[in-house]
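Input: a single structure, listed below in structure tokens.
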Amino acid sequence: MSIIFDEKKKVFKLDTPNTSYAFHITNSKHLLHLYYGKKIPETDLTFLLRIPNDEPFVPATHDAMGPHSFDCAPIEFPTSGVADFREPSMQLMDENGMSACECYYKDYKIYKGKKPLKGLPATYGDEDDVTSLEVYCHDPLNGLEIILQYSVFEKLDIITRSVKVQNKGKSPLELRRLLSLSVDLDHKDFDMITLNGTWARERHVERAPLRFGKQVVDSCRGATSHAHNNFIALCDHKADEDYGEAYGFALVYSGSFISGCEVYQYEKTRVFSGINPYDFSWHLKIDEEFQAPEVIMTFSYQGLGQMSRNLHDVIRQHLIRGKWKDIRRPVLINNWEATYFNFDTEKLIQIARDAAQAGIDMLVMDDGWFGGRSDDTTSLGDWYVNEEKIKGGLKYLVDEVNKLGLKFGIWFEPEMISPDSDLYRKHPDWCIHIPGRYRTTARSQLVLDFSRKDVRDYIYSRIKEILSSANIEYVKWDMNRQLSEVGNEVLPAIRQREIWHRYVLGVYEMQERLLTDFPDLLLENCAGGGARYDCGMLYYSPQIWTSDDTDAIERLKIQHGTSMCYPCSTMGAHVSAVPNHCVGRTTPFQTRGHVALVGTFGYELDITKLSDEEKSAIKEQIAEFDKYNFLVRSGDFYRIGNPFKSTRFDAWEFVAKDKSEALLQYVQILKTPSLFLHRIRLKGLEQGQYYRHEQTGKVYSAEILMNSGFDIPNLWGDFHSYLAYFKKV
Ligand code: DGJ
């Protein structure tokens, strides 16, 4: 059993194949964290607590049965206002305006399987995959019931955590914060890794040693954001891709968040993650409950590479759902960078004709097909086909594209409304706004109030009608601005601050409806590129548009950073035109193909303008995609180069789970003079076995490839790439 309760020692121990997590119930019924790290055999772990009982100037609990002081103790679920001065997981306001709260243990339940989280995305698994623990706690003074939820994946080094609270008291309560995760680690000698950036430069890796105090990444924008991702990692100072200890924490949520660490006075570290308490409040009437999102946790003693592979496995196997989870996804061509808003039926059919000849599977019609939208200032919300552009109507266009042998996909931005739209003229109160206050626009648009069911129902009915009107097999769901002036004229004052979270629940509910009504639909989430790249969205769409920056060299950093947490199979990646639209750089067609091969693969260019040579290169690239896609989608990913450290090269590798094949990809960034062959060491091959390099037929031992390396041939000029495929003999 992967979760046990030691009755005598009052210890809960959660074991994955290589890790253990443990906490203890004190005689005073407090829960104290004992251990999270490499697997250990014993459960008698209470000696690990080492809580000092004579720390000066630290408030004492005066409870002989419990910890001498909360401020020194590793509290499993820290609450505010009761002399633990570190970052709390929960803060409440009762009807008397008191904000202190506590968490006392009552009971527990261990069971096979895992329950879904109501209204929220979460990992899933059947009884063979996962075991769960619920720890029932309460605050006797205000009647709040607290359920700490843990699940252990039997075959993966993954533990998930969440918390649900229920008001079983005699008066309403106001929840002011409910974080999903708090883990007190035994020391402070960590580097913290975060993924930061901006539009077209998302998820660049930043790594820095922890300092005393709080260091956080967050978003108060209503979406995860371009600026910071809600995944963080902690690793020892020397940890690299292959060696050292690393913890990864990924929040399964797509709204405002906070994730970070506090190094406190006793040189220990509290890690936390959850919904951002900034401007958050949730009114809990008697008998109402609130479910916090889930956090996925992993620990690796084999460096950051294994940490990422653990996360990739759980996301691929136990978060992504639906028809497209494990199968080849269509190679698509998207018209955005080809035409922007300037297209019509004829142009799309021209693109589709050439795409069909090149072997592309699907045409995606991006922004600009509806209302009067010919630029980004108008018509969001008017989800009616613009028949001046789409002459003959949508069904005609889709049928023509289908006749050419291509599937058809379409772009929506369901959460948005343009002030210049029929919808806004009819329903000016449907956007998120504060009555009387200026409505800030961004990209000339406002945000529809998805906390309102009537608004969602209307938008959904439009999407459903469009999708039912023709054979549409893919939707790109975009979201191009953040939330401001958050309020509406529907909810009472005490529930206004709930809109942030209600909005996110509304987005989830809409996407769930879409997938229920159209189970075969391939959904790709997008948010002005990669501003909502998180585990929440991956529950609904198996792929996310990684960034609007499609330059092959910029993508090295973006995809490297994204891969810290998210599997390559989720990364929307396309070959686009040169000079690149974001940076003006010209890279070889082959390199663009090799870099896009890491992700979902597709094209984002005007194929009608390509030379015959480039068109036949597309055929070759698609043949490569077909050959390697299973390996890329399902294999283990190894980062070999680091584009944040080297301007010379980047390299990465996919190894099949059964180690029967491996794909090494190399990009020369800037050509360095007087350095010729570059020997790259492979990783993850099966020791004692031999591998044939397909291109040359030469056979190497796994040991040679992993300890001496494979010679990348001399590449002349900047930005060239090379791909080497190995098969076990
Ligand atoms: C932002 C997306 O990231 C782009 O790919 C494109 O769909 C535009 N929006 C369309 O407005």
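In this text, all values refer to a predicted model and were calculated from it rather than measured experimentally. Counting starts at 1 for both ligands and their atoms, following the listed order.
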Would you mind writing out a table of all protein N or O atoms found under 3.5 Å from any N or O atom of ligand 1, naming both atoms and giving the distance to 0.1 Å?
| residue | atom | partner | partner atom | Å |
| --- | --- | --- | --- | --- |
| ligand 1 | 3 (O) | G529 | N | 2.8 |
| ligand 1 | 3 (O) | D548 | OD1 | 2.5 |
| ligand 1 | 3 (O) | D548 | OD2 | 3.1 |
| ligand 1 | 5 (O) | K476 | NZ | 2.7 |
| ligand 1 | 5 (O) | D548 | OD1 | 3.3 |
| ligand 1 | 7 (O) | D366 | OD1 | 2.7 |
| ligand 1 | 7 (O) | D366 | OD2 | 3.3 |
| ligand 1 | 7 (O) | W411 | NE1 | 3.1 |
| ligand 1 | 7 (O) | K476 | NZ | 3.0 |
| ligand 1 | 7 (O) | D478 | OD2 | 3.3 |
| ligand 1 | 9 (N) | D478 | OD2 | 2.6 |
| ligand 1 | 9 (N) | N480 | ND2 | 3.4 |
| ligand 1 | 11 (O) | D367 | OD2 | 2.6 |
| ligand 1 | 11 (O) | R443 | NH1 | 2.9 |
| ligand 1 | 11 (O) | R443 | NH2 | 3.0 |

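Considering every non-hydrogen atom in both R456 and M510, the closest pair reads O-SD, 3.6 Å.
Every ring pair (Phe, Tyr, Trp, His ring centres under 6.0 Å) that H574 has, sequence neighbours left out, goes to W545. For E415, the salt bridge (charged side-chain N to carboxylate O under 4.0 Å, His left out) partners two or more places apart in sequence, or in a different chain, are R532. Scanning for side chain to side chain contact (heavy atoms under 4.5 Å, CB included) contacts around S421 gives D382, I417, S418, L423, Y424, with sequence neighbours left out.
Remark: aromatic rings of H501 and Y253 are close, center separation under 6.0 Å. A ring-centre distance under 6.0 Å is found for F370 and W383.
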